[in-house]
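Just so it is clear: chains get the letters A, B, ... in the order the sequence lines come, proteins before strands, and each one is counted from 1.
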Amino acid sequence: MQNNLFIYNTLSKKKELFIPIHPPFAGIYVCGPTVYGDAHLGHARPAITFDLLFRYLLHLDYKVRYVRNITDVGHLENDADEGEDKIEKKARLEEKQPMEVAQFYINRYHLLMNKLGVLPPTIEPLASGHILEQAKLISTLIKKGFAYKTESGAVYFNIKEYQRKYESYGRLSGRNLDDLYSNTRILQGQSEKLNSFDFALWKIADSNHLMKWNPYPFRNGYPGWHLECTAMSTKYLGKKFDIHGGGIDLLFPHHECEMAQSFAAYGKDSVKYWMHNNLITINGQKMGKSLGNFITLEQLFKGSHPLLNKDYSPMTIRFFILQSHYRSLVDFSNESLLAAESSLTKILKAIEIIKKIKPSNTSTLDINSLNNKCYEALNDDLNTPVLISCLFEGVKYINSLNEGLDKINSDDIETLKNLMNTFVFKILGLENEKNNDKDEPFIEELIDASLNIRQIIKLNKDWSTSDKIREELNKIGILIKDRKNDVGWERE
RNA sequence: GGUCGGUUAACCGAGUGGCUAGGUAGCGGUCUGCAAAACCGUUUACGGCGGUUCGAAUCCGCCACCGACCUCCA
């Protein structure tokens, strides 16, 4: 298949044609969660955005290696390079081993992502499992003169030195080092650093610290946060790989530091395309753990949050997120979730209806051009809102065919079926949550039988009895649709 | 304060210098024994003020408001 995929590169601030470094392979690295709490709506966005990218690249026949890490060490609670490790704090509060906390939330994360139809990445590395790789990277950086060891044994990245040699710190996030000088907060306990914005590569653990390692030549400590992504992406994708993704809130300082580390260590850019998804807001404010204004996915699925009017299914959430472009801000509201629910139902219904459409000798619809429009939408930086509008055009076609207002030949009907199935299920990753009954054929026969009897009653114009049957079936969730010459039904 | 981004109809949400995005909700109609569904039609759009242009919601400038990052955050 001809690849015409353009993606917006944060580094160049332009949409660029996606040309992988080693076709037919494509390498993606996405920053995954820090596992110290349940995933909330905000976590669903990058997971779904890059799941879409993963699915589309697979559909385009790329051999995709998709690495999404788990941060289970090194992410500190408070100010830069100070404060307590997030996972360790949770462990202390819950009287558990840090690895127990991490494992618990890893399991939860997998469960929730699975519900959202997010495919597992092909590699899901843990930061704690790559201490040696991180130590080796620190040694390289020290050897090349971009990192320094302090008296206590901690190691920091020397941004000033990096800037002197390469003049490229701030390139990704559009930051200017002089501004950083004047704007960076002076934090307590940073006397060891040469400059306030130098970031930690290796931290020394105090006596209470539970998670500590001794990878030669560093001891009694743990790695800094930015380090893991460089170490693990290099290990699994190489020193230069295709796509690095993550939330836009990670752009600075995390990705900027990552980029600097890699460049310093290997003398070249490690990433060809940087992609950033936008955030989800709630009442116009970023949904975030530290702000405490988040709604967890579990709460959404159960409707158990004061701001929720009802429960929303995982597929409603997925569709809600895909309805906006990944680089746009999305504001949470019951109204838009409700709208997403109705819209998705409409699409899924049409996909059921198309199975029953009978072909004609001719077509009055241009299915091929619709097919092209779908690809054009995705190729334009994964423009899912436009893709969805095209799919609604397909829905319109299907309903119109069902009404007998349009005609379609058997080739076109296959194309249309294939188009809807491919884009809705395979690429957008949506699922029909209602179609999971094992005894469905039996139920169908049962309902068909009762409706056949009702048709006889209707012929006798016994409206009250036929209405009664409709009412009774409706009570158990069956919706009757009387038509001119026959009758249809569906589950509510 | 610095940097960056946004402001589209009731709500959500794309987009282009001139041609109906789409969805949800509402209203009217067709169909139906009735209802539902479906179909058809339809309602106040492009934050404000200037400028460029034959023409701007789309380009430029200024202003207002909102947000993100500058600390951990997806």
* Fit a plane to each ring of A:F319 and A:F392, take the angle between them on a 0 to 90° scale, and name the class: parallel (under 30°), tilted (30 to 60°) or perpendicular (over 60°). => perpendicular
* Over 60° means perpendicular and under 30° means parallel, so classify the ring planes of A:Y29 and A:H244, tilted if in between. => tilted
Tell me: [atom1] of [X] to [atom2] of [N], nearest whole Å?
X      : N      : atom1 : atom2 : answer
A:I248 : B:rC69 : CD1   : C1'   : 8 Å
A:F319 : B:rA14 : CZ    : C1'   : 13 Å
A:I347 : B:rU24 : CD1   : C1'   : 12 Å
A:F320 : B:rC12 : CZ    : C1'   : 9 Å
A:D381 : B:rA14 : CG    : C1'   : 13 Å
A:R175 : B:rC4  : CZ    : P     : 10 Å
A:R327 : B:rG6  : CZ    : P     : 9 Å
A:F199 : B:rU71 : CZ    : P     : 14 Å

* To do: Consider only side-chain N and O atoms of A:Y397 and A:D366, and report whether a donor and an acceptor are under 3.5 Å apart.
  =>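 Short answer, no.
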* **Distance-only side-chain donor-acceptor flag, A:N334 / A:Y312, under 3.5 Å** =>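 Side chains of A:N334 and A:Y312: pair found under 3.5 Å.
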* Asked: When you look at NZ of A:K396, are more than 12 heavy atoms from neighbouring residues, nucleotides or ligands closer to it than 6.0 Å?
  -> no
Using the [atom1] atom as the point on both nucleotides, what is the distance between [M] and [N], in whole Å?
N      : M      : atom1 : value
B:rC69 : B:rG51 : C1'   : 33 Å
B:rA38 : B:rA25 : P     : 9 Å
B:rU7  : B:rG15 : P     : 10 Å
B:rU58 : B:rC49 : P     : 12 Å
B:rC66 : B:rC27 : P     : 35 Å
B:rG23 : B:rU42 : P     : 13 Å
B:rC46 : B:rG18 : C1'   : 16 Å
B:rU52 : B:rA57 : C1'   : 16 Å

Do the side-chain N or O atoms of [X] get closer than 4.0 angstrom to the phosphate oxygens (OP1, OP2) of [N]?
X      : N      : result
A:K286 : B:rC69 : yes
A:N383 : B:rG15 : yes
A:S336 : B:rG13 : no

* To do: Decide side-chain hydrogen bond (donor to acceptor under 3.5 Å, both in side chains) for A:N107 and A:Q103; before the verdict, give the C-alpha distance in whole Å, the side-chain angles of both, and the deciding distance to 0.1 Å.
  => CA-CA 6 Å; A:N107 293 345; A:Q103 188 65 58; 3.0 Å; yes
* Excluding sequence neighbours, so at least two apart, what forms salt bridge (Lys or Arg N to Asp or Glu O under 4.0 Å) with A:E472? ->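 Expected list: A:K468, A:K475.
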* To do: Mind checking salt bridge (Lys or Arg N to Asp or Glu O under 4.0 Å) for A:K289 and listing every partner two or more places apart, or none if nothing turns up?
  =>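 Partners of A:K289 by the salt bridge (Lys or Arg N to Asp or Glu O under 4.0 Å) criterion come out as none, since no residue qualifies.
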* Of A:H40 and A:Y326, whose closest RNA chain B nucleotide lies nearer the 5' terminus? ->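 The 5'-side residue here is A:Y326.
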Need one value for [X]: base, sugar-phosphate or nothing, where a base atom within 4.0 Å counts as base even if backbone is also close, heavy atoms only.
X      : value
A:I280 : base
A:L329 : sugar-phosphate
A:G42  : base

Identify which nucleotide among [options] has an atom closest to any side-chain atom of [X], counting heavy atoms from C-beta outward.
X      : options                : result
A:S290 : B:rA21, B:rG23, B:rC72 : B:rC72
A:P385 : B:rA74, B:rA68, B:rG13 : B:rG13
A:K396 : B:rG23, B:rA14, B:rC40 : B:rC40
A:S328 : B:rA14, B:rA74, B:rG67 : B:rA14

* Can you list the stems that include RNA chain B, where a stem is three or more consecutive Watson-Crick or G-U pairs with distances under 3.5 Å? ->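 Counting only runs of 3 or more consecutive pairs, the stems involving RNA chain B are B:1-7 with B:64-70, B:10-12 with B:22-24, B:26-30 with B:38-42, B:47-51 with B:59-63.
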* Structure fact -> side chain to side chain donor-acceptor pair (under 3.5 Å) filter on A:D412, not counting sequence neighbours, yields A:S363
* With sequence neighbours excluded, what pairs up with A:Q285 under the side chain to side chain donor-acceptor pair (under 3.5 Å) test? ->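 Counting only residues at least two positions away or on another chain, A:Q285 forms no side chain to side chain donor-acceptor pair (under 3.5 Å).
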* **Sequence-aligned protein contact record of nucleotides 30-38 of chain B, with B where the base is within under 4.0 Å of a protein heavy atom and S where only the sugar-phosphate is** => --SBBBBSS
* Contact check, side chains of A:F241 and A:V271, non-hydrogen atoms, under 4.5 Å -> yes
